[in-house]
Number of protein chains: 2
Amino acid sequence: MASSVTLSDVAREAGVSLATASRAINGSANRTVRPDLRERVLEAAERLRYTPDANAQAMARGRTTSLGLVVHDIADPFFSSIAAGVTQAADRAALQVTLASTQHQPAREVELVRLLQRQRARAIVIAGGRHDDDAGNAAMRDALADFRGAGGAVALVGQPVLGVDTVAVDNAAGADALARALHARGYRHAGVLGGPEDHLTARERREAFTAAFAELGAPVQPAHVVTGEFTHEGGEAAMRELLSAGGDVDVVFAVNDVMALGALAAARDLGVRVPEDVALAGFDDILTLRDVVPPLTTVRVPLVDVGVLATELALEEHTGAARVRTVATEVVLRASTPDRTV
Amino acid sequence: MASSVTLSDVAREAGVSLATASRAINGSANRTVRPDLRERVLEAAERLRYTPDANAQAMARGRTTSLGLVVHDIADPFFSSIAAGVTQAADRAALQVTLASTQHQPAREVELVRLLQRQRARAIVIAGGRHDDDAGNAAMRDALADFRGAGGAVALVGQPVLGVDTVAVDNAAGADALARALHARGYRHAGVLGGPEDHLTARERREAFTAAFAELGAPVQPAHVVTGEFTHEGGEAAMRELLSAGGDVDVVFAVNDVMALGALAAARDLGVRVPEDVALAGFDDILTLRDVVPPLTTVRVPLVDVGVLATELALEEHTGAARVRTVATEVVLRASTPDRTV
DNA sequence: TTGTAGGCGTTATCAC
DNA sequence: GTGATAACGCCTACAA
């Protein structure tokens with residue numbers, strides 16, 4: 001309640017005008033303030049425990065100091081690592097991060113963008129792959145167009161389908177390289193926990209993986225590609241389905257690590273040993289993996305860097321068409337996919 | 001760039017006054033607007049793609065719609081789960097969450113509180129145990145007093161040492177119960193990875209644990225209590241130190257799960273088997289544990305609920321002294337601490 | 001260098 | 001029920 005101290009109070013206390021107080025405290029562009037006056041103002045501010053009102057400053061200046069971050073679930077290590085990168089970069093740019101979570105409801109993304117537009121966020125970073133959903137993408141594109149029309153900047157982590165700057169993980173190359181590495185280790189009967197049918201990240205990884213195996217002469221049987229939510233539970237269910245189908249699968253590729261961990265849990269539950277009975281690989285190299293046994297083969301995505309990059313991309317001045325920054329990945333072979341050729 | 005559409009634009013377009021437009025769009029308290037006029041305004045707003053400016057609204061109304069959340073590291077599963085709870089609760093209260101991270105520098109907390117005060121956040125939730133650091137706590141207490149003096153609400157997750165509403169995990173009871181459970185399973189030679197010396201959460205857990213073992217007639221040897229950072233790396237280093245000391249320890253209690261996971265990694269590295277060679281227990285029951293083998297015994301803290309509770313506590317109107325909400329914990333015995341009595 | 005005054009976009013208090 | 005108009009706290013030409 002206690003009404004805050006305003007700059008006018010400080011000015012009065014210091015015996016100067018509002019303008020001078022403002023300049024003394026904020027060091028206006030070229031205007032400078034006589035040292036003794038500045039001193040008086042600063043002391044008065046200190047004495048009165050004055051705290052500038054960022055909202056009022058934002059109004060007067062015409063721009064805020066906040067950046068919006070949209071994630072699906074902040075407790076998911078994939079998103080929390082990206083968030084760590086975003087907060088780092090935002091911090092360097094002296095921006096506050098407004099965290100908005102869809103709680104796994106894709107439709108809420110549009111809502112959150114509009115919310116962030118009301119806050120007049122300087123920029124919005126959207127984390128998470130897109131869906132093959134024309135209506136959904138169109139709605140999002142509209143919301144983002146409005147936001148940008150009003151002067152906001154946007155960067156997306158995912159696929160460049162929304163007409164905004166995008167940090168795109170090279171999913172295809174990563175999945176392809178992983179498939180070849182697994183093939184080289186002697187695997188010939190791969191199964192895929194493919195994520196949601198229309199999820200572009202899942203699809204890119206799935207298709208590149210199966211294409212590579214096909215090209216290598218060991219095509220993945222259609223029955224060995226099962227879909228499922230992009231979550232721990234989804235991976236668990238998908239793995240159950242795949243294993244109970246009882247095909248001869250020697251390695252399972254889950255399109256992201258969170259699913260792979262769910263799959264690992266399912267295997268444990270069913271008494272299927274990894275990697276003795278079946279090998280397992282994921283994608284992303286989330287932080288959690290350092291604590292998992294057996295160490296999981298995966299394709300590393302520099303998640304924190306991706307967050308930083310997306311933030312920088314959003315904040316960089318630029319004109320012209322939407323830019324796409326492709327992030328390279330790296331296959332990390334671990335014990336969950338031992339060499340079968342020896 | 002493109003100047004946003006303002007409410008005046010909408011009013012003009014609809015042929016009504018600014019006041020009416022405001023009431024039509026925002027449904028003022030008791031003032032009501034004739035249906036046809038309201039319709040006209042809403043249509044105009046739609047046509048012009050009007051988006052209210054939350055900052056301006058905040059100025060006019062005298063209160064913002066944002067809530068600050070202070071964490072040490074959002075990528076740490078402990079904090080990200082609490083953050084999930086906070087965003088949920090904030091969402092229900094129609095508040096935006098501003099995520100502020102200290103990046104593991106305790107001193108930055110004060111800075112962040114002041115920053116959030118500039119944003120005129122309605123409330124601040126601070127996650128993370130306190131330190132036994134009079135100067136640091138005093139600085140924080142001052143910053144929070146200022147914030148509250150200016151009308152802000154605060155809730156802390158940790159120890160009630162800052163004079164603000166606090167959600168306190170019952171660390172002592174949890175550690176005591178864990179110690180007794182381990183003792184009942186036959187463990188008599190406990191070691192403790194005790195976290196930072198002055199970290200109150202670490203201290204509460206450590207002391208309750210050792211006190212219980214002492215009371216049970218199996219005191220933990222001082223040499224078997226080692227300190228270390230409250231992190232994965234800290235747990236790893238502490239475990240190395242403990243194991244290389246070569247004492248006869250049959251169970252190791254790490255004061256939080258993140259440290260326990262670091263300890264597990266260290267044990268693996270040194271060829272020490274868990275639980276065959278040494279049993280291991282942690283505290284918190286972070287989400288990561290579901291993927292760890294062997295399943296880790298721990299003391300469950302309902303982290304998401306804690307986040308929700310802290311947010312609600314901060315948002316509840318109340319007068320009088322700072323309140324303390326104690327959250328109960330629950331010992332969860334798993335395979336990392338098998339029964340030795342059989 | 002300092003001060004005056006207008007404006008940022010809304011809400012809220014008044015009359016009408 | 002509707003419409004002027006003064007706040008809200010600050011910044012910034014513009015003038016002195």
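Because only heavy atoms are used, hydrogens play no part in the values below, and waters and symmetry mates are left out as well, while side chains stay in. Because the structure is predicted, anything quoted here is derived from the model rather than measured. Each chain gets a letter, A, B and so on, in the order the sequences are listed, and its residues count up from 1.
For the OP1/OP2 pair of D:dC11 and a distance below 4.0 Å, the side-chain nitrogens and oxygens of A:Ser22 include at least one atom meeting the criterion. Neither OP1 nor OP2 of C:dT10 sits under 4.0 Å from any side-chain N or O of B:Asn55.
Nearest to the side-chain atoms of A:Ser17 among the listed nucleotides D:dG3, C:dT11, C:dG3 stands C:dG3.
Remark: A:Arg34, A:Leu37 in residues 34-43 of chain A come within less than 4.0 Å of DNA chain C through at least one heavy atom.
Side-chain to base pairing of B:Arg120 with D:dG9: no donor and acceptor N or O lie closer than 3.5 Å to each other.
Using a 4.0 Å heavy-atom cutoff across all strands shown, B:Thr51 reaches sugar-phosphate atoms only and no base atom.
Looking at B:Thr201 and B:Gln159, their side chains do bring a donor and an acceptor atom within 3.5 Å of each other.
A:Asp9 places a side-chain N or O within 3.5 Å of a backbone atom of A:Thr6 that can act as its donor or acceptor partner. Judged by distance alone, the side chain of A:Ser101 and the main-chain N or O of A:Ile74 form no donor-acceptor pair under 3.5 Å. Checked by atom type and distance alone, the side chain of A:Asn137 pairs as donor or acceptor with a backbone atom of A:His131 at under 3.5 Å.
Checking B:Gly15 against A:Pro52, the closest nucleotide of DNA chain D that is more toward the 5' end is the one next to B:Gly15.
Checked for salt-bridge contact, A:Glu312 and A:Arg325 miss the test: no charged N lies under 4.0 Å from a carboxylate O.
To the nearest 0.5 angstrom, B:Gln119 atom CD is 11.0 Å from B:Gln117 atom CD.
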